[in-house]
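Notes follow the structure.
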Amino acid sequence: MSGRRLQPELREEFQRPVGRDLPDEELKHYHAKQIITVGDVVSLTVREYGLVPILSVYDGFTERRELTGFADLVKRGGWAETVVGNPAGTITSQLDDAVRNALDGTPGRIIRVEGEEDLALLPCVLYAPDGAVVVYGWPGKGMMAVDVDGASRMWARETLARMEELS
């Protein structure tokens with residue numbers, strides 16, 4: 001996929017959550033699930049529950065403030081990460097390719113975004129295996145979960161198609 005940009009008329013759609021609320025305590029029931037995390041707080045919280053996501057996407061910030069908890073965990077653990085550039089309101093082809101390549105079945109992949117990771121939900125849902133759960137942060141509210149199936153994948157595909165293609 002070539003890169004995409006969110007046009008102003010679609011921004012309102014992204015101000016509404018997708019999926020369902022996921023209280024922290026429900027994570028103890030997720031040990032048998034393939035989980036993908038998008039966001040710093042979510043990625044750290046899921047790890048604190050002893051879960052290893054198949055992919056974590058983070059940018060080192062939460063609500064525009066630098067947050068180093070997950071970044072420190074990655075550094076202390078010596079975990080390899082792929083670094084991609086992705087400005088706010090976009091999904092660059094670099095991010096799209098990194099997500100697709102990371103979901104090859106090897107658990108524990110990490111992508112650090114220089115820029116903004118908020119729209120990474122879309123390629124994560126698009127490329128995740130059926131039955132996986134994409135967990136992302138909803139500022140001020142907590143975590144949201146999107147079950148990956150035909151319907152959620154169609155939503156991601158249709159949303160991406162409505163976004164402006166980057167040249």
Side-chain angles (χ1 to χ4, degrees), residues 6 10-77 79 81-82 84 86-91 95-96 98-99 102-103 107-160 163:
L6 188 65
L10 292 179
R11 288 191 193 281
E12 189 175 306
E13 284 185 42
F14 281 91
Q15 294 174 349
R16 293 189 301 268
V18 175
R20 57 188 162 70
D21 289 325
L22 179 64
D24 289 12
E25 60 274 6
E26 268 189 44
L27 287 173
K28 63 186 172 202
H29 302 295
Y30 276 64
H31 284 281
K33 293 264 187 198
Q34 289 184 304
I35 299 173
I36 297 163
T37 58
V38 177
D40 294 68
V41 174
V42 168
S43 296
L44 183 61
T45 301
V46 167
R47 291 281 182 153
E48 287 173 342
Y49 272 82
L51 302 170
V52 178
I54 56 175
L55 172 63
S56 294
V57 182
Y58 79 106
D59 65 6
F61 291 84
T62 187
E63 296 184 30
R64 306 285 186 255
R65 292 187 316 271
E66 189 168 5
L67 181 80
T68 58
F70 188 69
D72 287 346
L73 187 63
V74 170
K75 188 179 285 189
R76 279 194 319 269
W79 301 337
E81 60 183 3
T82 300
V84 300
N86 194 76
T90 65
I91 300 171
L95 174 61
D96 184 76
V99 169
L103 291 172
R109 297 292 184 93
I110 299 170
I111 297 172
R112 181 169 51 88
V113 175
E114 292 182 341
E116 186 70 58
E117 99 283 80
D118 287 356
L119 295 179
L121 172 66
L122 291 166
C124 286
V125 169
L126 188 62
Y127 301 126
D130 282 338
V133 177
V134 181
V135 181
Y136 68 98
W138 193 254
K141 298 206 191 292
M143 294 186 293
M144 300 296 295
V146 177
D147 296 307
V148 178
D149 57 18
S152 61
R153 198 171 278 114
M154 182 181 299
W155 165 81
R157 194 175 292 113
E158 289 173 353
T159 303
L160 285 164
M163 293 172 69

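Note that the coordinates shown come from a computational prediction; the quantities given were computed from them, not determined experimentally. The analysis underlying the following values was restricted to heavy atoms, covering all of them including side chains, and did not include hydrogens, waters or symmetry mates.
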Gap separating the OG1 atom of T159 from the CG atom of L122, nearest 0.5 angstrom: 5.5 Å
Residue pair Y136 / D118, side-chain donor-acceptor N/O under 3.5 Å: no
For the CG atom of D130 and the CZ atom of R153, what is their distance to the nearest 0.5 Å? 4.5 Å
Do you know the tightest heavy-atom contact between Q34 and P129? OE1-CG, 3.2 Å
Is there a side-chain contact (heavy atoms from CB on, under 4.5 Å) between D40 and E117 once you walk through the steps? CA-CA 10 Å; D40 294 68; E117 99 283 80; 3.4 Å; yes
Could you walk me through whether V52 and R47 pass side-chain contact (heavy atoms from CB on, under 4.5 Å), step by step? CA-CA 6 Å; V52 178; R47 291 281 182 153; 4.0 Å; yes
Pairwise distance CD(E25) to OH(Y49) - rounded to 0.5 angstrom: 6.0 Å
For the residue pair A98 and V84, what are the closest heavy atoms and their distance? CB-CG1, 3.7 Å
Between the SG atom in C124 and the CD1 atom in I91, the distance rounded to the nearest 0.5 Å is 9.5 Å
Intermediate values then yes/no, side-chain contact (heavy atoms from CB on, under 4.5 Å), D147 and R20: CA-CA 9 Å; D147 296 307; R20 57 188 162 70; 3.0 Å; yes
Side-chain contact test, heavy atoms from C-beta onward, threshold under 4.5 Å: evaluate it for R112 versus V74 and give yes or no. no
N86 backbone acceptor or donor facing T90 side chain under 3.5 Å: no
Measuring from atom CG of L95 to atom CG of L119, what distance do you get when rounded to the nearest 0.5 angstrom? 9.0 Å
Closest non-hydrogen contact found for V148 with V125 is CG1-O, 3.7 Å
Side chain to side chain contact (heavy atoms under 4.5 Å, CB included) with L55: of I110, V134, I111, only one passes, and it is I111
CG of L6 to CG of L160: how many Å apart, nearest 0.5 Å? 10.0 Å
Consider only side-chain N and O atoms of D149 and S152, and report whether a donor and an acceptor are under 3.5 Å apart. yes
Between F70 and W79, what is the ring plane arrangement, given parallel below 30°, perpendicular above 60°, and tilted in between? tilted
Over all heavy atoms of both residues, which pair between L51 and L27 is shortest? Give the atoms and the distance, please. CD1-O, 3.6 Å
Tell me, with the steps shown, if M144 and D21 meet side-chain contact (heavy atoms from CB on, under 4.5 Å). CA-CA 5 Å; M144 300 296 295; D21 289 325; 3.1 Å; yes
Can you name the nearest heavy-atom pair linking V38 to V42, along with the distance? O-CB, 4.1 Å
V146 and V18: which non-hydrogen atoms are nearest, and at how many Å? CG2-O, 3.7 Å
With a 4.5 Å cut-off on side-chain heavy atoms, are R109 and T82 touching? no
